[in-house]
Amino acid sequence: MPYPPLVQPSAELSDDEVRRYAHQLILAGHGAPGQRRLAAGRVLVIGADEIGAPLIAHLADSGVGFIGICDGSPLNPWDRCFGMPDTEPSDRASAWAAALRRTHPSVRTAVEGRFDVTSARDLVDGYDLVVCAGEDQARCQLADDVCAAAGVPLVWGSMEATGGRACVFWDRHGPGFRDLFPEPPAPYFRGMAGTLKVVGAWLAVTLATEVVKLLTGAGEPLVGRVVKYDAMAATCVTVPLRPDPRARRPAELTAAEPFFGLLSPAAAEAARESTVSAEELKDLLDRGEPVTLVDVREPDEYAFAHLPGSVLVPQGEFLRGDAADRLPRDRRTVLLCRAGIRSAEVLAVVKKSGHPDAVHLGGGILAWAERIDTAMPTY
């Protein structure tokens, strides 16, 4: 069903805005009133990577007047979208804000801080709606809680390997994120799967369209509905989302720390005294120490980049199989993964199986590529 527009129209459009958004200004049912509502809109975007980066570009190209960006991660070459940003500030949010100041002077931007339990309420305050783009369920759950308390819609999208899903959660009008995912999210990152980047672009367009509809009151937003896209099957279906009786919204914000990189207690304890740096590992190898390098990522990741001499044993074979029992006992085992998270989880299993001298590479092959072999490709 249609909903009233979230914002009142701005007073006037500048000459630059009239020229830039001419095609939308002559669109029946949108016109100047709709464009002025977009110009008055304030949107907070949480995450500026595969989905968030093209989303920010599309929001600016649509004429959204104020875009807050919340992503403190370093800017990587694969974070650029449509050639932007072309500078190298310290983080994604700053890079996108700087790029939009050059390319879209009528769009105001704000670089927001870390989105966590202590800051979430303040960050959402003053925005008409929030877009949370990412697969981190704890962060999305926290965003849903905060948006429900503030009475603003949450536009959500998440990538899978070759597909994705999108929905609008608006507490006063329909089910929320907790109805889609009633079980509490794991408080730590269990791994990283590959994704088809064009799926992120598809989701970005879908989410940007929902933002436009909500700000202007046009069409029927995805409230109470989930759209599912399968790129390989070339299918797109919309299914209803109904309240789940297991879903409970906490009276206070108590979500787990909503960021990747947190370890389970067992992994944190195992890694406490059994982590080697990239430099220490290089020294071990240079001295010819007898070690077994075990890479616990997935086969496609291993094929993309790996340390010479390492053997591939995916994490699942340790967590759900007997891989730990098959490790040689006449030499030290060094576990590797992309960033040191999966290897720490496997380390806990390996130590428990009777390999007390096993260690893992802190920072994973990303640290190795940064400090030892700068020619190694990263992802």
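Just the heavy atoms: all of them, side chains too, but no hydrogens, waters or symmetry mates, feed the values below.
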Report task. Go through Q315 and E345 one step at a time and tell me if the side-chain contact (heavy atoms from CB on, under 4.5 Å) criterion holds. Result -> CA-CA 8 Å; Q315 180 188 25; E345 298 293 341; 3.9 Å; yes
Within a strict 4.5 Å, meaning less than it, do heavy atoms of the [X] and [Y] side chains meet?
| X | Y | answer |
| --- | --- | --- |
| T292 | R332 | no |
| E279 | W368 | no |
| Y3 | P153 | no |
| V294 | L336 | no |
| L129 | L154 | no |
| L327 | V350 | yes |
| W156 | L180 | yes |
| V313 | V346 | no |

Main chain of [Y], side chain of [X]: is a donor-acceptor contact present, judged purely on distance under 3.5 Å?
| X | Y | result |
| --- | --- | --- |
| R225 | P221 | yes |
| R37 | L215 | no |
| R36 | P9 | no |
| D71 | A48 | yes |
| H306 | Y302 | yes |
| R42 | G126 | yes |
| K351 | P356 | yes |

First locate atom [atom1] of [X], then atom [atom2] of [Y], and finally report the distance between them rounded to the nearest 0.5 Å.
| X | Y | atom1 | atom2 | value |
| --- | --- | --- | --- | --- |
| R165 | E160 | CZ | CD | 5.0 Å |
| L44 | I67 | CG | CD1 | 11.0 Å |
| I46 | C132 | CD1 | SG | 4.5 Å |
| R108 | R101 | CZ | CZ | 13.5 Å |
| E112 | D122 | CD | CG | 10.0 Å |
| D295 | S343 | CG | OG | 9.0 Å |

Taking [X] first and then [Y], would you say they form a salt bridge - that is, a charged N and a carboxylate O separated by under 4.0 Å?
| X | Y | value |
| --- | --- | --- |
| R272 | E269 | yes |
| K213 | E210 | yes |
| D125 | R121 | no |
| D145 | R178 | yes |
| R326 | E317 | yes |
| E298 | R342 | no |

Report task. If the plane angle is over 60° it's perpendicular, under 30° parallel, otherwise tilted; pick one for W170 and H173. Result ->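 Taking H173 first and then W170, their aromatic rings stand perpendicular (interplane angle over 60°).
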Query raised in the report: Angle class for the F177/F169 ring planes (parallel below 30°, perpendicular above 60°, tilted otherwise)?
Result: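 The rings of F177 and F169 stand perpendicular, inter-plane angle above 60°.
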So which heavy atom on [X] is nearest to which on [Y], and how close?
| X | Y | result |
| --- | --- | --- |
| V131 | L55 | CG1-CD2, 3.4 Å |
| P182 | D179 | CD-O, 3.9 Å |
| P328 | T333 | O-OG1, 4.4 Å |
| H104 | A60 | CD2-O, 3.6 Å |

Taking atom [atom1] of [X] as the centre, report whether more than 12 heavy atoms of other residues, nucleotides or ligands fall under 6.0 Å from it.
| X | atom1 | answer |
| --- | --- | --- |
| R331 | CZ | yes |
| K197 | NZ | yes |
| E12 | CD | no |
| D300 | CG | no |

Requested in this report: Give the intermediate values and the outcome of side-chain contact (heavy atoms from CB on, under 4.5 Å) for residues F115 and R139.
Outcome: CA-CA 8 Å; F115 191 85; R139 179 169 60 182; 4.1 Å; yes
Any luck finding a side-chain donor-acceptor pair between [X] and [Y] under 3.5 Å?
| X | Y | answer |
| --- | --- | --- |
| S119 | D116 | yes |
| S14 | D16 | no |
| H360 | T275 | yes |

Shared hydrophobic cluster for [X] and [Y] (ILVMFWY, side-chain gaps under 4.5 Å):
| X | Y | answer |
| --- | --- | --- |
| I372 | I365 | yes |
| I56 | V199 | yes |
| L361 | V296 | no |
| V152 | L123 | yes |
| V7 | L25 | no |

Report task. Would you check, one step at a time, whether the test side-chain contact (heavy atoms from CB on, under 4.5 Å) holds for Q35 with E17? Result -> CA-CA 9 Å; Q35 198 61 45; E17 289 174 300; over 6 Å; no
Query raised in the report: What do the steps show when you test D15 against R19 for salt bridge (Lys or Arg N to Asp or Glu O under 4.0 Å), and what is the final call?
Result: CA-CA 6 Å; D15 291 343; R19 290 190 295 268; 5.1 Å; no
Query raised in the report: Do the numbers put R338 on top of the ring of Y379, so that NZ or CZ is under 6.0 Å from the six-membered ring centre and no more than 45° off the axis?
Result: yes
Report task. Could you go through the side-chain contact (heavy atoms from CB on, under 4.5 Å) check for K282 and R371 one step at a time? Result -> CA-CA 10 Å; K282 183 178 185 301; R371 304 203 298 268; over 6 Å; no
